[in-house]
Asks: 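Shown below is the structure under consideration.
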Amino acid sequence: MSIVGLNRLARDLEHAPGLRERFAADPEQVLPGYALTEEERAAVTRRDAAWLLRAGMNPVALRNLMVTLGVAHHEMYQEGPST
């Protein structure tokens, strides 16, 4: 688990001007700037909170990431992609 990379991505998507919009338009242009495994990149792209939680992501950082990416609370921890 790339804890630092995932936490940084969650923080940056919430606070860095324009990053959320760039991610929404093309995640593959944003994600290489973060130290993530291919599996983590795929899970973030599909907004798969259940996978990220099982992999060890901090639940608070994960919640912030998912909310920032527009995932509804009731969908966050369903198995598989939430979008």
Asks: Can you name the closest pair of heavy atoms from A10 and A61 and give their distance?
Replies: CB-O, 3.9 Å

Asks: How close do F23 and T45 get, counting heavy atoms only, and between which atoms?
Replies: CZ-CA, 4.4 Å

Asks: Does a side-chain heavy-atom distance below 4.5 Å link E14 with L19?
Replies: no

Asks: Which distance, rounded to the nearest 0.5 Å, do you find between the CG of L6 and the CZ of R11?
Replies: 12.5 Å

Asks: Would you check if the side chain of R47 reaches a backbone N or O of V71 as a donor-acceptor pair within less than 3.5 Å?
Replies: no

Asks: I'd like to know if the side chain of E40 and the backbone of T37 have a donor-acceptor N/O pair within less than 3.5 Å.
Replies: yes

Asks: Check the pair M76 / L53 against side chain to side chain contact (heavy atoms under 4.5 Å, CB included), numbers first and verdict last.
Replies: CA-CA 10 Å; M76 272 186 209; L53 184 64; over 6 Å; no

Asks: So which pairs with a foot in residues 15-36 pass side chain to side chain donor-acceptor pair (under 3.5 Å), sequence neighbours left out?
Replies: D12-Y34

Asks: Sorted by first residue and then second, give each side chain to side chain donor-acceptor pair (under 3.5 Å) pair with at least one member in residues 55-66; sequence neighbours left out.
Replies: none

Asks: Using only atom types and a distance under 3.5 Å, with no angle test, would you say the side chain of S2 pairs donor to acceptor with the backbone of A35?
Replies: yes

Asks: The criterion is side-chain contact (heavy atoms from CB on, under 4.5 Å); which residues satisfy it with I3, sequence neighbours excluded?
Replies: M1, N7

Asks: Decide yes or no on side chain to side chain contact (heavy atoms under 4.5 Å, CB included) for M57 and L65, but give the supporting numbers first.
Replies: CA-CA 10 Å; M57 188 171 182; L65 175 64; 4.0 Å; yes

